[in-house]
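Residue numbering restarts at 1 for every chain, and letters A, B, ... go by the order of the sequence lines.
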Amino acid sequence: MVKVSWSILKLLRESPELLREHVKKRFIDPSIVDRAYELDVKWRRKLTEVQELRHKHNVISREVAKLTGVEREVKLEEAKKLLEELNKVEEELKFIEEEREKALLSLPNIVHESVPIGPDDSYNVPIRFWGKPKVWIGFIEQFKNQTEKYGFKVDYEVIEWKPIGHADFLESVLRLGNTLKAGEVAGSRFYYLFDDIVFLDMALLMYAIDYLVKKGYRLVLPPYMLRYKIMMGVIDFAAFQDAIYKIEGEDLYLIATAEHSLAALHAFEDIPEEDLPLKYVGISPCFRKEAGAGSKDLKGIFRVHQFHKVEQYVFAKPEESWDIMEELISNAEELFRGLELPYRIVNIASGDLGAPAAKKYDLEVWMPAQGLFREMVSCSNTTDWQSYRLKIRLIRKRGMVREYVHTLNSTAIASTRTITAILENFQNPDGTVTIPRVLRKYLEVFDKAPKDFIHPYKKETIKS
RNA sequence: GCCGGGGUGCCCGAGCGGUCUAAGGGGCCGGCCUUGAGAGCCGGUGGGGAUUACCCCGCGCGGGUUCAAAUCCCGCCCCCGGCGCCA
């Protein structure tokens, strides 16, 4: 019987120094490890003390049942006295236990050896490029800074005209979005989208679903709200504050991604190893406060409070999770190659990983109007960080060992972001937008949807 | 939302204040037996702590009453049935 099967707790007890190193790699104060270690030791000591007292009390209680008369009265007194002491020690234990729990839950995942070390996203390392980016003549230098600087020779197409940024293009040229009105009625980072853009949104989602279902991923429409207990299991405290909306007066939180609901799908379950891996593709709206974003990307629909996303989520055996991570990112890559959007894959630096992830890849698409690669997809192996919190265990066929499964998540397509990428990459000098060919079959189901181009606004074409 | 019934271990299912620490069955794992399989027999099959042949906790969740709670009381969650409401 394995005593401790959560990798973090095992590490904390067996080699706290090593765990400290992992935390340091994230540029987080490693004293949280010391604190967790001390509280764990303290807790175990206090627990032993309580258990010994409980044992004594149980023995006396059992004796009481067999006795009568004076003997019984004497034993009763003894039991009551012991209870007083027990209550006191139990209270101490309860306090320590809560502190220990908090300390354990504050620990981030370990950092995989292949993760680049650095405090922030400037240490992220591009590992491969795909496609032929359209680079406006004025952005050539900064393009090279994002490619050649890392030793990659990326073929690109120089364009003389500067594409219009997705936000202005959407609202002024196409006139298919209205963030001002949305701002008035709901607040900034909300939007109204119209007509062709709505069809595009739906086509993108169908495209991603279709692709992944064909690969054997099970299609899921999950809950859009979850209880505190579940949210606590899938995100860390920082994400709770910056990303999550709460429903007033109820124990419910709006999901920030289907990842949350999909992780919860097997919460508190034991999964036999022969059932793994379990691969899911979820589709849902995502609600995010974007509290930490400041005034970043305030215009347009790049960074918003709600959007649609198709998400990949896998429950896996520990020995196969790293291979599956490669599968998930390559699925996302195939989707973006289908869309003909030039991208790079970035290995996220240790300081930029979220607490749940041991390793993370982002897929960043080249945005011709910004001259930047921007994040479209995020793919993480969270190993047993989420499964420990949600108590999702693995049952091996041989032997009685209990372990926690590994969980992984990756974007397939996030609708609004992908739309911004399409608007910038397929924008033509005449103001039309070429629609990626791969979406055509999903647009054909709507008679009124555009098939090849989205056209700019013309006064005369608008009917009441 | 209201009224009624119910939630017991991997599954079925008894127990409804104390004959110790959930009976009995099924499944699964390990062992014995066997040429092999089956049957049969034995042991194991929730979480945790430790001075590692010991102990604590666990009967939907959280409190309470009691020396003692699966069992009694209160709150919450979920499931089934009925009524109401509703896209």
### Query
Quick one: on RNA chain B, does A:I60 or A:H55 contact a more 5' nucleotide (nearest heavy atom)?
A:H55
### Message
Can you confirm if the aromatic rings of A:Y224 and A:F287 lie within a centre distance of less than 6.0 Å?
### Response
no
### Message
I want to check one thing: is the phosphate of B:C67, taken as OP1 and OP2, less than 4.0 Å away from some side-chain N or O of A:K80?
### Response
yes
### Within-4.5 Å side-chain heavy-atom neighbours: A:M206 and A:D210
no
### Query
Looking at OH of A:Y217 and CD of A:E311, how far apart are the two atoms once the value is rounded to the nearest 0.5 Å?
11.5 Å
### Inter-nucleotide C1' distance (B:U65, B:G27), Å rounded
40 Å
### Integer angstrom distance from the C1' of B:C86 to that of B:C11
38 Å
### Message
By the 4.0 Å heavy-atom rule, please label A:L82 as base, sugar-phosphate, or nothing.
### Response
nothing
### Message
Distance check, rounded to the nearest 0.5 Å: A:I230 atom CD1 versus A:Q386 atom CD?
### Response
11.0 Å
### Message
For B:G18 and A:N58 - does any side-chain N or O of the residue sit under 4.0 Å from the phosphate oxygens OP1/OP2?
### Response
no
### Message
Taking donor-acceptor contacts at under 3.5 Å, does the side chain of A:R54 reach the base of B:G48?
### Response
no
### Message
Can you check the distance between B:C73 and B:C79, where both ends of the measurement are the P atom (answer in whole Å)?
### Response
24 Å
### Message
Does a side-chain N or O of A:R44 approach OP1 or OP2 of B:A50 to a distance below 4.0 Å, or not?
### Response
yes
### Task
Assign A:E52 to base, sugar-phosphate, or nothing according to its heavy-atom contacts below 4.0 angstrom with the strands shown.
base
### Message
With a 4.0 Å limit, can you tell me whether A:R72 has a side-chain N or O closer than that to the phosphate oxygens OP1/OP2 of B:G18?
### Response
no
### Message
Need one value for A:A65: base, sugar-phosphate or nothing, where a base atom within 4.0 Å counts as base even if backbone is also close, heavy atoms only.
### Response
base
### Query
Ring centroid separation for A:F307 and A:Y191, is it under 6.0 angstrom?
no
### Task
To the nearest 0.5 angstrom, please state how far the CG atom of A:L193 sits from the CG atom of A:L174.
11.0 Å
### Message
Donor-acceptor pair, distance only, cut-off 3.5 Å: does the side chain of A:W6 make one with the backbone of A:R389?
### Response
no
### Pairwise C1' distance, B:C16 and B:G31 [rounded to whole Å]
39 Å
### Query
Using Watson-Crick and G-U wobble pairs whose two distances are both under 3.5 Å, how do you write the pairing of RNA chain B as dot-bracket, with | for links to another strand?
((((((((.[[[..)..(.....]]]((((((.......))))))((((....))))..[[[[[..)....]]]]])))))))....
### P atoms of B:C3 and B:C74, separation to the nearest Å
14 Å
### Message
Is the ring pair A:F190/A:H305 parallel, tilted or perpendicular, if the boundaries are 30 and 60 degrees?
### Response
tilted
### Message
Roughly how many Å apart are B:A69 and B:G62, using the C1' atom of each and rounding to a whole number?
### Response
15 Å
### Message
Once you apply a heavy-atom cut-off of 4.0 Å, does A:L76 come out as touching a base, just sugar-phosphate, or nothing?
### Response
base
### Message
Quick check for you: among B:C77, B:C67, B:A50, whose closest atom lies nearest to any side-chain atom of A:T48?
### Response
B:A50
### Task
Give a yes/no on whether any side-chain N or O of A:R393 is located under 4.0 angstrom from OP1 or OP2 of B:G47.
yes
